[in-house]
Amino acid sequence: MGERIRFFPLDVTYKVIDEKAVIHLFSRTEDGKQICVIDGNFEPYFYAIPKKGFSVKEKIEKLSIERDNETYSVAKADMVKKTYLGKEVEAIKVFTRLPRDVPIIRDIIKEWEIIESVNEYDILFARRYLIDKNIIPMLLYEAEGEFINLNLKIPGFKAEKIEQIADITLTKPRILAIDIETYTPANRAIEPEKNPIIMAALYGDNFEKVVTWKRFKTDLGYVEFVGSESELIEDIKKHIEAYKPDILTGYFSDGFDLPYIKARADKYKIKLDLGLDFSELRIKKGMDITAQIKGINHLDIFKFIRKIMGPSMDTETYNLNAVAAELLGEQKHDIDLDELSHTWDNNAENLEKYCKYNMNDALLCFRLTEKMLPTITEIVKVVGLPIYDINRMGFSQLVEWYVLRQAPLFNQIVPNKPSNDEIQKRRMQSIKGGFVFEPKPGLYSNIVVFDYRSLYPTIIASHNISPGTLNCSCCEGDAEKVPLENESYWFCTKKKGFLPSIIEDIITRRARIKEILKEGKGKHIMLDARDTALKLLANSFYGYLGFFGARYYSIESAESTTAFGRFYIKRVIQKAQDAGFKVLYSDTDSVFLTLDGKTKEDSEKFAEKINAELPGLMELEYEGFYPSGIFVSAKFGPYGAKKKYALIAEDGNLKIKGFETVRRNWSFIAKEVQENVLNIILREHDKEKALEYVKKVIHDIRERKVPLDKVIIHTQLQKEILDYDSKGPHVAVAQRLKNQGVSVGPGTLIKYVVTSGSDAIGRRSKLPDEVDEGDYDAVYYIENQVVPAVERIFEVLGHSKDELLEHREQRKLEGFF
DNA sequence: TCCATCCGGGG
DNA sequence: GTGTACGGATGGA
């Protein structure tokens with residue numbers, strides 16, 4: 001009888017040993033040791049689907065060819081009953097001797113007359129293994145087998161049997177962050193072939209190190225001096241090996257740090273055999289550079305944040321400073337990197353601050369990784385691929401690999417990726433989106449808001465939308481048609497489709513998590529993260545159906561999804577009007593009504609009635625009741641009129657959408673006036689009071705009674721100063737800060753006050769410290785801050801901008817311009 | 001206006 | 001490694 005071990009798989013590859021592909025699961029054991037569990041009991045295969053009525057199994061079994069003195073042959077061929085795009089098929093599961101034989105055998109079989117199609121020939125062996133053996137990275141498994149010597153840096157264990165023993169997750173993988181500084185003179189390009197790495201920082205759990213090769217006096221404990229750049233490279237290699245990370249993380253390390261280190265190591269002929277199997281750090285070039293180390297998940301946290309978190313973040317740029325500012329509330333050290341090379345050459349005694357800077361970058365990267373880890377882990381668990389893989393995927397790829405993992409459970413053969421021609425065709429196609437009912441500007445009372453919970457996912461599930469159920473012959477003429485004018489689509493009503501089944505599963509899993517979260521007290525970081533991961537996936541399905549690269553691309557399905565979306569929201573609008581409610585506004589999945597004399601209970605009953613008629617998982621949710629609200633006309637953006645409204649809830653909370661208040665680059669006084677005006681109007685319904693209040697504030701500004709700290713404007717620099725076309729006041733201030741030797745860059749928060757005078761506005765914008773109390777430009781704050789903040793609100797109430805300003809000032813202003 | 005190329009991040 | 005990106009801005013024809 002063999003031994004038993006418990007382990008969390010983290011990375012998976014395979015090696016050919018004795019003419020056989022052997023899976024290697026690089027893992028962490030339950031008691032924290034590294035181990036490589038190997039499994040030789042898995043064979044490469046793909047599917048061949050013959051044309052109807054043809055028997056092809058024997059021909060395939062006999063297939064064997066010679067090429068370059070190598071023999072490629074089919075190891076085995078099994079007849080299997082499968083489902084392919086909604087149809088039952090008799091396929092052949094074609095086994096080859098090695099993974100690399102698959103494309104060769106496939107190419108031959110593909111050309112045969114009697115073959116309808118070949119499928120699943122491009123699913124990497126290691127991934128195929130994880131799917132077929134139902135192994136999910138970062139979960140706990142138990143293997144039975146024996147320890148063997150494998151010529152690896154870590155012990156080997158040959159498994160005869162592997163099974164999951166409980167739903168236990170590795171929550172504390174060992175993380176090591178890396179960041180390098182290179183010799184790059186000001187205004188010069190980054191040139192790895194030419195310029196050395198001069199510092200490298202590593203930050204981990206109870207571990208911090210900055211390695212550099214110029215000596216200077218310092219008390220910093222973490223600084224380590226070596227004699228040369230090549231020694232620096234050897235040194236960081238040694239530290240990484242000693243730390244034994246599960247995750248090596250960097251910020252843009254796919255595109256910068258690791259390729260740079262590799263380029264410099266190559267120059268000195270240093271072997272960067274960081275892989276746990278002694279393989280070298282691999283830089284894969286192409287359109288997109290990636291860096292991979294076998295056995296260690298290299299995480300480029302920048303990539304994850306930009307691709308996955310990006311859409312839900314405020315920042316426009318994803319540089320470390322801006323991202324750390326938003327996610328951690330921390331910034332990079334304020335130093336001028338342009339001077340580093342000069343300091344390195346001439347003033348080594350001043351290098352300490354650069355070491356601190358270097359360390360801080362590694363620290364920020366470590367913290368970002370820690371912060372993202374729960375979400376990353378849950379995505380890994382939902383999609384079922386290692387951190388390294390999911391780190392480099394976008395939404396559509398995550399959906400696709402989720403689908404690929406579910407496919408065997410539903411006995412599905414998965415369609416192939418589109419050809420280039422097909423992609424070109426698909427790129428031409430576009431579809432109609434959600435329905436928008438434009439609000440009429442005005443002040444309203446007794447507003448009820450409803451929205452469809454997860455509209456598109458529930459439509460896909462409830463209407464059985466997928467390429468496999470589209471226009472099925474079994475329901476032709478019987479099934480309800482998709483509400484599209486120029487098309488005649490229907491989806492099967494007799495058999496649940498594959499995609500609708502798995503999306504339904506995601507929706508119900510989310511509902512269960514929500515239940516638990518509702519019941520339980522305190523924080524559930526893991527459940528929150530799981531909900532985030534599932535939500536992300538569910539919301540990506542509709543986009544996936546319309547994504548040109550998708551295996552399950554179906555423009556008809558995507559079109560039908562939005563068509564049903566428009567249908568259901570329009571139906572709510574129609575029925576609400578029929579029932580005597582007034583519809584104020586609607587966008588895609590939500591609708592705003594006024595009671596118009598009816599009661600809140602009436603609206604709840606109305607929603608119940610709507611829900612009784614909705615299919616499957618679809619549900620119109622009561623979002624809230626608002627005693628009053630104001631809709632304001634807004635500027636037209638690229639997608640039509642932008643929504644701009646404010647509602648007040650029964651508990652007095654304001655719900656503001658689209659107003660400038662939510663943005664940072666307004667002075668406190670402008671935000672305060674806007675919020676107070678909204679409060680007076682929505683709470684007290686007193687237009688005159690609001691008007692008088694604004695007049696009073698304008699008067700106070702003019703009298704300079706408003707304290708300086710209320711006129712400070714905070715604006716975050718979104719890009720490099722040079723990259724701004726129009727240099728607004730904050731850019732001018734940033735420029736002056738830079739001239740004074742202060743390091744400013746994207747993400748830096750600029751605080752300034754516009755002072756009085758007749759100069760250009762940029763010149764009059766000063767740092768708060770430089771301004772005396774009361775020395776602000778009253779006209780600017782009235783005209784460019786306070787008035788614009790409330791102008792549109794008063795417009796709705798029938799008061800013009802001029803009424804906000806007293807006559808005398810108005811004349812003065814006119815004279816001014 | 002259309003098509004192709006470049007860029008992001010990093011020093 | 002049973003494989004290869006993406007979407008938006010910019011600039012030239």
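Naming: A, B, ... by sequence-line order, numbering from 1 per chain. Excluded from the calculations below are hydrogen atoms, water molecules and symmetry mates; all remaining heavy atoms, backbone and side chain alike, are included.
Whole-Å rounding puts the A:L340 CG to B:dG10 P distance at 15 Å. Atoms CE (A:M428) and C1' (B:dC3) sit 11 Å apart, rounded to a whole Å. B:dG10 atom P lies 7 Å from atom CZ of A:F302, rounded to whole Å. Between A:H342 atom NE2 and B:dG11 atom C1' there is a gap of 17 Å when expressed in whole angstrom units. If you take CD1 of A:I305 and P of B:dG8, they are 18 Å apart, rounded to a whole angstrom. B:dG10 atom P lies 6 Å from atom CG of A:L320, rounded to whole Å. For the pair A:L351 CG and B:dG11 P, the computed distance is 16 Å after rounding to whole Å. We find that CE of A:M199 is positioned 18 Å from P of B:dG10, with the value rounded to whole Å.
C:dC6 sits 23 Å from B:dG10 when the P atoms are compared, rounded to a whole Å. B:dG11 and C:dT4 have their C1' atoms separated by 28 Å, with the value rounded to a whole Å. Going from the C1' atom of B:dC6 to that of C:dA5 covers 15 Å, rounded to whole Å.
Less than 4.0 Å separates DNA chain C from no heavy atom of any residue of residues 356-364 of chain A. Using a 4.0 Å cut-off on heavy atoms, the residues of residues 93-105 of chain A that approach DNA chain C are A:P99, A:V102, A:P103, listed by number. Using a 4.0 Å cutoff on non-hydrogen atoms, the parts of residues 249-268 of chain A near DNA chain B are A:Y251, A:F252, A:F256, ordered by number.
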Using distance only, find each side-chain donor-acceptor pair of residues 259-267 of chain A under 3.5 Å and give its atom names and separation, not counting sequence neighbours.
unit_1 : atom_1 : unit_2 : atom_2 : d
A:Y260 : OH     : A:N195 : O      : 2.7
A:K262 : NZ     : A:D266 : OD1    : 3.0
A:R264 : NE     : A:E229 : OE1    : 3.3
A:R264 : NE     : A:E229 : OE2    : 2.7
A:R264 : NH1    : A:P192 : O      : 2.8
A:R264 : NH1    : A:N195 : O      : 3.4
A:R264 : NH2    : A:E229 : OE1    : 2.9

Donor-acceptor contacts, no H, no angles, side chain residues 12-23 of chain A, under 3.5 Å, sequence neighbours left out:
unit_1 : atom_1 : unit_2 : atom_2 : d
A:K15  : NZ     : A:D277 : OD2    : 2.7
A:K20  : NZ     : A:G40  : O      : 3.0

Run the side-chain donor-acceptor check on residues 359-368 of chain A: report pairs under 3.5 Å with partners two or more places apart or on a different chain.
unit_1 : atom_1 : unit_2 : atom_2 : d
A:D361 : OD2    : A:K332 : NZ     : 3.0
A:R367 : NH1    : A:E330 : OE1    : 3.3
A:R367 : NH1    : A:E330 : OE2    : 3.2

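Remark: the A:N119 side chain and the A:S117 side chain contain an N/O donor-acceptor pair separated by less than 3.5 Å. A side-chain N or O of A:E400 and one of A:Y544 form a donor-acceptor pair less than 3.5 Å apart. No hydrogens or angles considered: nothing links the side chains of A:E352 and A:Y357 as a donor-acceptor pair under 3.5 Å. Donor-acceptor pairing under 3.5 Å is recorded for the side chains of A:R97 and A:S73.
Contact annotation for A:R392: no contact, since no heavy-atom pair falls under 4.0 Å across all strands. Residue A:Y14 is in sugar-phosphate contact alone, with no base atom involved, counting any heavy-atom pair closer than 4.0 Å across all strands shown. Within the nucleic acid shown, A:F125 comes within 4.0 Å of at least one base atom, counting heavy atoms only.
Listed by first and then second residue, the salt bridge (Lys or Arg N to Asp or Glu O under 4.0 Å) pairs involving residues 115-124 of chain A are A:E120-A:R128, A:D122-A:R551 (not counting sequence neighbours). Residue pairs that meet the salt bridge (Lys or Arg N to Asp or Glu O under 4.0 Å) test with at least one member in residues 281-303 of chain A, sequence neighbours left out, are A:D254-A:K303, A:D288-A:K303. Residue pairs meeting the salt bridge (Lys or Arg N to Asp or Glu O under 4.0 Å) criterion with at least one partner in residues 39-48 of chain A, sequence neighbours excluded, are A:E43-A:K76.
Looking at residues two or more places apart in sequence or on another chain, you find a salt bridge (charged side-chain N to carboxylate O under 4.0 Å, His left out) between A:R426 and A:E422. Taking the salt bridge (charged side-chain N to carboxylate O under 4.0 Å, His left out) definition, one finds that A:E370 meets it with nothing, sequence neighbours left out.
Under the 3.5 Å distance criterion, the side-chain polar atoms of A:T562 are matched with a main-chain donor or acceptor of A:K432.
For the pair A:P245/A:I175, no side-chain contact is recorded, criterion being any heavy-atom separation below 4.5 Å from C-beta on. Taking 4.5 Å as the limit, every side-chain heavy atom of A:F216 sits out of range of all side-chain heavy atoms of A:N350.
Here B:dG9 is the nucleotide among B:dG9, B:dG11, C:dT2 with the atom lying nearest to any side-chain atom of A:N319.
A:D338 contributes a side-chain N or O that forms a donor-acceptor pair with the base of B:dG11 under 3.5 Å.
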So which protein nitrogen or oxygen atoms get under 3.5 Å of nucleotides 4-7 of chain C's nitrogens or oxygens?
unit_1 : atom_1 : unit_2 : atom_2 : d
C:dA5  : N7     : A:D288 : N      : 3.4
C:dA5  : N6     : A:M287 : O      : 3.3

